[in-house]
Amino acid sequence: MTRLLTLAFAALMLCVSLATAQDSPMQTLLQEHRALIEKSSRQTIEPAIVALRDSGLPQAQLVMEKWQAKELWQRKSDNLFFFAEKVDSKTWRLTGIDDGQAAGEFAKKELKQLKPNSGVRSMIGAALVQFQLMSDDPAKRIEALDAIQRDLAPEQLPALEGAIDGETDPQILDRKVRLVRLLTIPYGRTEDERVAAINSLSGDLGVDARAALNPLVATTRDAVAGAVPEGTNVAALLKPGSATFSNEEAYALLVARDLAPARVSAADRREALQQNIEGGKVGGVPVAQLDTDAARERAYLGLVAEGKAPATATEAEMSVALASHVFFDRFADPNPAITDAATDTLKSINLKVGVNQVLDLTLDAMSLASIYFLAAIGLAITFGVMGVINMAHGEFIMMGAYTGYVVQQIIPDYTISILVALPLAFAVTFAAGVAMERLVIRWLYNRPLETLLATFGISIALQQLAKNIFGTQARPLTSPGWLDGALVLNDVVSISYIRIAIFVLALIFLGVFLFIMKRTRLGLEVRAVTQNPRMASSMGINPDRINMLTFGLGSGIAGIAGVAIGLYAKVTSELGSDYIVQSFMTVVVGGVGNIWGTLLGATMIGFLQKGIEWFNPSNTLAAQTYMIIFIIIFIQFRPRGIIALKGRAAGD
């Protein structure tokens, strides 16, 4: 009796489930395509996915997401579809796909999990894009566009086209329109659509535009007997024996296409001849006669006839084969209208890319010039005005960088620490410069060789002192968060915010230095001592005091330059030595003791170095070598630099 009641209850539940399924639009739709869903084959599943995508049912997106994630289940007793949640290792709780109501708990053996393969999941994902593109949440729409851009596929084109109308966000709308163009180029329905999409990208600097166009103009080298087959989209006809297409390359292509027998290389033929010398002959030809190519070929053919060497094509056979075949490069796309449009568009893009590469190179050169100017401006004072060859100038730059590092260990806020480090670095290196001038330099005026040796020794001592204090490992001098990243003008031109900050700092120093030299008493006295120290002394100016302050000023500016350079380069004890050579070249080329000359010298060296690196980007050492050679030649014609200074520094 109990068994009969159980069967009756099960039958009743089945009837209820079937009745419910009839009232459930989503369940009904799935049942209509149940056979395709159960088979889950990429070749046949498309109608089921399209039906779900275009059903307009509110549950469609959730069902497809669950299906893609392998979370859609079937109940074996009635083949109805449910969402399932695991209760324990043997039991699962079912949820209705339309109403979300609990449908009971069942043993796993009573259920079947739908496990679509990767191909089907990819098709479901492409269909889901339409829902994401129409989402009310802009973040989800952007996420969908990012997913499309990572993997462009033809099935995404209809969804994108349908998502353009009604888009309210201008930036998202631009991305949708752009992606439609990029997808239309390879997958457009008509030739006119594809050509229009290609032409719309004329002059576009986006990397994605070039990535879409380059495959259209990619070529494959081919060869055929007689004439080029009709309908072949030929990029260029090739002539064997030309500078760009040798006879060997042409014949190797024939061999690769099975259009001609293989030809044994000259080295292999020579080795075969050497190994088969018997009785003073090779292949029936006396060794003494093997002094011409024709004789060696005749001997090798004799070895082939004897079965001692593999067969090879003769020179005559090679010539006949080359003459009887046509060689050409064919486009990957068979449509000439498409490849012509792509070629023209790529020409316009490459022209614009070239112009922007020049702009990018110019910005890099200006950035490098500003770094060299900061490093050299202090040297322009000490070397140009005082005539002191200070080989320890680089170490003042290094001291400034380490001062910034120490400040950041005390003040964790990077913005405040940089603002504190700049004046503190000036104070530290100003004091160090004054001490060096009072203790060493003042006793060596007008003795350039002794000054050079003394400052070189101080340079080594300061480097070793830095190693003893901070170690040999590079120390971080971290820039503030607002200097992270770069100013991106387009996909070709960009410049980091740190470099922009250094450039602005260089301009500020230019203005400050000009103000000091032109508008202050110290500047007036420095110019007087530079022009005529004896006359300045007779006017009540103390040259000894001016020398001390001038050397301290130059050293202090080097310290500030060290903080700026430390944000861009690694802070080590050798930091200054990386810039000392360029600093001296900047001052010498620009004209010693002249701030405008220093600016012009830094600009000239920055542009020169970047220009040489552009021609040889893999070897920066070669760039510096060529630059030094150029400077040597330059000073032969302009020994006093671009702007010559009259006075003590000029040797007057």
Side-chain angles (χ1 to χ4, degrees), residues 205 353 355-380 394 397-398 400-405 407-408 414-415 417-419 421-422 425-426 474-513 557-572 574-583 585-586 590 595 598-614 617 620 623-624 627:
L205 294 176
V353 167
V355 172
N356 279 270
Q357 284 177 336
V358 172
L359 176 59
D360 187 59
L361 186 67
T362 301
L363 291 177
D364 281 348
M366 291 176 63
S367 171
L368 186 63
S370 65
I371 293 172
Y372 287 163
F373 178 73
L374 275 178
I377 187 172
L379 190 65
I397 296 175
M398 176 263 293
Y402 272 122
T403 301
Y405 166 73
V407 171
Q408 284 195 343
Y414 294 141
T415 300
S417 64
I418 292 299
L419 295 177
L422 288 172
F426 178 86
R475 300 294 178 176
L477 184 53
T478 308
S479 62
W482 48 274
L483 286 180
D484 292 341
L487 176 63
V488 180
L489 301 182
N490 51 54
D491 284 4
V492 179
V493 182
S494 65
I495 183 169
S496 67
Y497 290 124
I498 291 180
R499 289 194 171 207
I500 295 175
I502 293 176
F503 181 80
V504 172
L505 186 63
L507 293 179
I508 292 173
F509 264 102
L510 175 62
V512 170
F513 184 81
I557 294 176
I560 295 181
V563 176
I565 293 172
L567 296 174
Y568 171 77
K570 293 180 179 179
V571 180
T572 65
E574 288 83 17
L575 173 65
S577 60
D578 294 336
Y579 291 92
I580 186 65
V581 175
Q582 286 86 348
S583 297
M585 286 194 299
T586 298
I595 187 63
T598 303
L599 179 62
L600 291 176
T603 303
M604 177 179 175
I605 292 175
F607 274 82
L608 180 63
Q609 181 169 334
K610 282 298 177 180
I612 296 174
E613 288 179 2
W614 185 76
T620 56
Q624 293 189 7
M627 183 174 62

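Only a predicted model underlies this, so the values are computations on that prediction, with no experimental measurement involved.
Nearest approach of L477 to A401, heavy atoms of both residues: CD2-O, 4.0 Å. Scanning both residues, G606 and A365, for their nearest heavy atoms gives O-CB, 3.9 Å. Of all heavy-atom pairs spanning A561 and L374, the tightest one is CB-O, 3.2 Å. Closest non-hydrogen pair, L483 versus I498, comes out as O-CG1, 3.6 Å. Among all heavy-atom pairs drawn from A602 and T586, the shortest one is N-CG2, 3.3 Å. Taking every heavy atom of both residues into account, A421 and G404 meet most closely at CB-CA, 3.7 Å.
With a 4.5 Å cut-off on side-chain heavy atoms, Y405 and P476 count as touching. With a 4.5 Å cut-off on side-chain heavy atoms, T403 and V563 do not count as touching. Contact check for L510 versus F373: side-chain heavy atoms found under the 4.5 Å cut-off. Side-chain contact check for L567 versus I418: some heavy-atom pair is nearer than 4.5 Å. Looking at heavy atoms from C-beta onward, L359 lies out of side-chain contact with V355 at the 4.5 angstrom threshold. D364 is listed as a side-chain neighbour of R499, based on a closest heavy-atom distance under 4.5 Å. With a 4.5 Å cut-off on side-chain heavy atoms, F607 and L361 do not count as touching.
For the atom pair CG of L487 and OH of Y497, the computed distance is 5.0 Å after rounding to the nearest 0.5 Å. From F513, atom CZ reaches atom CG of L599 across 12.0 Å, with rounding to the nearest 0.5 Å. Atom CD1 of I397 and atom CD1 of I580 lie 6.5 Å apart (nearest 0.5 Å). Here the OG1 atom belonging to T603 is positioned 10.0 Å from the CG atom belonging to L368, to the nearest 0.5 angstrom. Interatomic distance, D360 CG to W614 CH2, rounded to the nearest 0.5 Å: 12.0 Å. Atom CD1 of I605 sits about 7.5 Å away from atom CD of Q582, to the nearest 0.5 Å.
A donor-acceptor pair under 3.5 Å is formed between the side chain of T362 and the backbone N or O of V358.
Annotation: side-chain hydrogen bond (donor to acceptor under 3.5 Å, both in side chains) contacts of N490 (sequence neighbours excluded): N356. Remark: Y372 pairs with Q609 by the side-chain hydrogen bond (donor to acceptor under 3.5 Å, both in side chains) rule, at least two apart or across chains.
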Candidate pair I371 and Y579, rule side chain to side chain contact (heavy atoms under 4.5 Å, CB included), full reasoning: CA-CA 9 Å; I371 293 172; Y579 291 92; 3.6 Å; yes
